[in-house]
Number of protein chains: 2
Amino acid sequence: MRTRRPPTPYSGPVDDSLLTHGRALKHVQVREYVRSLVAGQAPGSPAPSERELVHRFGVARMTVRQALDTLVSEGLLERIPGRGTFVARPPRVTSTITGYSEEMARRGLLSESQTLLARREQAGPGVARALNLTEGDAVIHWRRLRRGDGQPICLEDAYLNEVLIPGFLQSGMPTSLYDELGERGLRPTWAEDSITADKATREEAELLELAPGAVVMRHSRRALAGEKAIEVSRSVYRADRFTMWIQLGG
Amino acid sequence: MRTRRPPTPYSGPVDDSLLTHGRALKHVQVREYVRSLVAGQAPGSPAPSERELVHRFGVARMTVRQALDTLVSEGLLERIPGRGTFVARPPRVTSTITGYSEEMARRGLLSESQTLLARREQAGPGVARALNLTEGDAVIHWRRLRRGDGQPICLEDAYLNEVLIPGFLQSGMPTSLYDELGERGLRPTWAEDSITADKATREEAELLELAPGAVVMRHSRRALAGEKAIEVSRSVYRADRFTMWIQLGG
DNA sequence: GAGTGGTCTAGACCACGAT
DNA sequence: TCGTGGTCTAGACCACTCT
């Protein structure tokens, strides 16, 4: 039986991001070592064997397994019993939440965005409910006319929970809302969308340079980052210039 | 230090589904015991503590942790350091691939489906490409008029890879395509959808009981079960009676 | 202080794949 | 046969929460 374990005064080079209470956890060290080894490797490339890592780090095999378990559950590695551990083929993208800018980029179109309105408002009943706020709470209302290759494509009214993004209006409006949210750790991870077809109102037709009554697609979204309802938006798209693409599942 | 472990001749009641090579793995026993305890429990209810399970099953704590790890990664349990292990609140549904029947059921509408066509055809170029087939390969073409509460809502043309579902046409058409595919282990796990708005053609307008030129929503789907492309479909929905709901992310 | 989960050890035997 | 991952043991110390 083992006696007391010494207080593990680890003293090697340590990435600060890997510290917990001032000390790097061993399984984290192993995990990040393997992650860096494996970064950029082709799918199917072998990762170090568990016993090799045991040797290199002087840790128990269970510790190595804990490290690899994480990477396997991340989809980075794949274990094949009797053969070894290998770089997994990149898992199919699991329905990413994308915004308009990314949608346009994906099709190779130049994405432009003209802000028609960006101001603090009091939440109405619908917006308040969608953002888990109380009616009258402060929200940011951002209305944009969006173009692809110069042509009007979409008119979007987004409402953002101001409490979650202090200084948003003052900092100048970002090009990509979702990138900006990402930098604040609030990139939406979940969204409820609804989509229907309709005819453009007169105002919409004017802004989108359509004949009144032309066919449009209406898209509503409620986007959440973790538990936080961050954005609710209503968009109207020219049907003749826009097809929505969605990938579901993983 | 331990000596050799005895050959673990487990003899308790064993669910066949839990057997591997004729012997129930201990972590599986523990896992399924906890799963059954926790089934139907309200979120936040405590699960047995790790040490309690160690006692009850006479196993090492690492074994119990392995069992609980699985349930945690399934989203069934949640660990809170210093407090215990608890039933997790049901994880948000990660964008399920749903078919029309399930969509209707979700809104509490009576879903009906009238088969207009169900036959073997030779794949055209578009369908062949979508199903990873060669032009001329056999596909099943299934055209349905779908109603909600008696009203025409959707006209759908589905093409299925016949090789993957032998005897499909002969067995009588199912009510829910996705349920039927599920029973063959081919429930789609991934789908590429595209959605746009348009005006109904004369034929569509007739079948959907619309005025010619009325606004409709067009929906295309390419659905895969694992690596197998199983279904490709084109649907047209009456915009006045149907809004598409999508949940993204998890 | 008692109980909980988080981390870690230093081994063991097994089934399986490659050689 | 040798190396691999899969399973398992019987403990240990830690930080944390709750009472």
Side-chain angles (χ1 to χ4, degrees), chain A residues 1-10 18-32 34 38 44-73 76-88, chain B residues 1-10 18-32 34 38 44-73 76-88:
Chain A
M1 218 60 62
R2 286 187 66 258
T3 57
R4 301 171 55 129
R5 180 163 51 96
T8 61
Y10 177 74
L18 309 178
L19 292 178
T20 302
H21 298 289
R23 151 182 131 267
L25 298 177
K26 297 194 179 183
H27 78 264
V28 175
Q29 293 178 53
V30 176
R31 186 224 299 160
E32 297 308 319
V34 174
V38 145
S45 310
S49 81
E50 298 181 355
R51 284 158 179 91
E52 185 183 332
L53 291 166
V54 164
H55 229 86
R56 174 181 299 272
F57 284 87
V59 298
R61 188 158 157 239
M62 288 304 295
T63 306
V64 167
R65 284 182 63 75
Q66 186 181 4
L68 296 184
D69 278 345
T70 306
L71 296 174
V72 167
S73 74
L76 192 64
L77 296 182
E78 183 182 9
R79 288 204 253 240
I80 304 180
R83 297 230 296 128
T85 305
F86 303 89
V87 178
Chain B
M1 220 58 66
R2 287 188 67 258
T3 57
R4 300 172 56 131
R5 179 163 51 98
T8 60
Y10 177 75
L18 309 178
L19 290 178
T20 302
H21 297 290
R23 151 182 130 267
L25 298 178
K26 296 194 178 183
H27 78 264
V28 175
Q29 294 177 54
V30 176
R31 185 225 300 159
E32 296 308 319
V34 174
V38 146
S45 310
S49 81
E50 297 182 355
R51 284 156 180 93
E52 185 183 333
L53 291 167
V54 164
H55 228 86
R56 174 180 298 271
F57 284 87
V59 298
R61 189 159 155 238
M62 287 304 295
T63 306
V64 167
R65 285 183 62 77
Q66 187 182 3
L68 297 184
D69 279 344
T70 306
L71 296 174
V72 166
S73 74
L76 193 64
L77 296 182
E78 184 182 7
R79 289 204 252 237
I80 304 181
R83 299 231 296 126
T85 305
F86 304 88
V87 178

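These numbers come from a predicted model, not from an experiment. So you know, we letter chains A, B, ... as the sequences are listed, proteins then strands, and number each from 1.
Between the C1' atom of C:dA18 and the CZ atom of A:F86 lies a distance of 11 Å, rounded to the nearest Å. Distance B:L25 CG to C:dC13 P: 18 Å, rounded to the nearest Å. Going from atom CD of B:E78 over to atom C1' of C:dT4 covers 14 Å, rounded to whole Å. In this structure, B:K26 places its NZ atom 8 Å from P of D:dA10, rounding to the nearest Å. Across the protein-nucleic acid pair, B:I80 atom CD1 and D:dC18 atom C1' stand 13 Å apart, rounded to whole Å.
Looking only at side-chain heavy atoms (C-beta outward), A:R65 and A:R79 come within less than 4.5 Å of each other. When side chains are defined from C-beta on, B:H27 does not count as touching B:V30, because their heavy atoms never get closer than 4.5 Å. Counting only heavy atoms from C-beta outward, the side chains of B:F86 and B:I80 approach each other to under 4.5 Å. Residues A:T85 and A:V34 fail the side-chain proximity criterion, which asks for heavy atoms closer than 4.5 Å.
Contacts between residues 60-71 of chain A and DNA chain C, counted as heavy-atom distances below 4.0 Å, involve A:A60, A:R61, A:M62, A:T63, A:Q66. The stretch residues 49-59 of chain B comes close to DNA chain C through B:S49, B:E50, B:R51, each having a heavy atom under 4.0 Å from the strand.
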What's the verdict on side-chain contact (heavy atoms from CB on, under 4.5 Å) for B:H55 and B:E52, showing C-alpha distance, side-chain angles and the deciding distance?
CA-CA 5 Å; B:H55 228 86; B:E52 185 183 333; 5.7 Å; no
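Summarising the local packing, CZ of B:R56 is surrounded by 12 or fewer heavy atoms from other residues, nucleotides or ligands at distances under 6.0 Å.
Note that the CZ atom of B:R31 and the CG atom of B:L77 stand 12.0 Å from one another [nearest 0.5 Å]. In this structure, the separation between OG1 on B:T70 and CG on B:L76 is 11.0 Å, given to the nearest 0.5 Å.
Applying the 4.0 Å criterion to OP1 and OP2 of D:dC16, one finds that B:R83 has every side-chain N and O outside that range.
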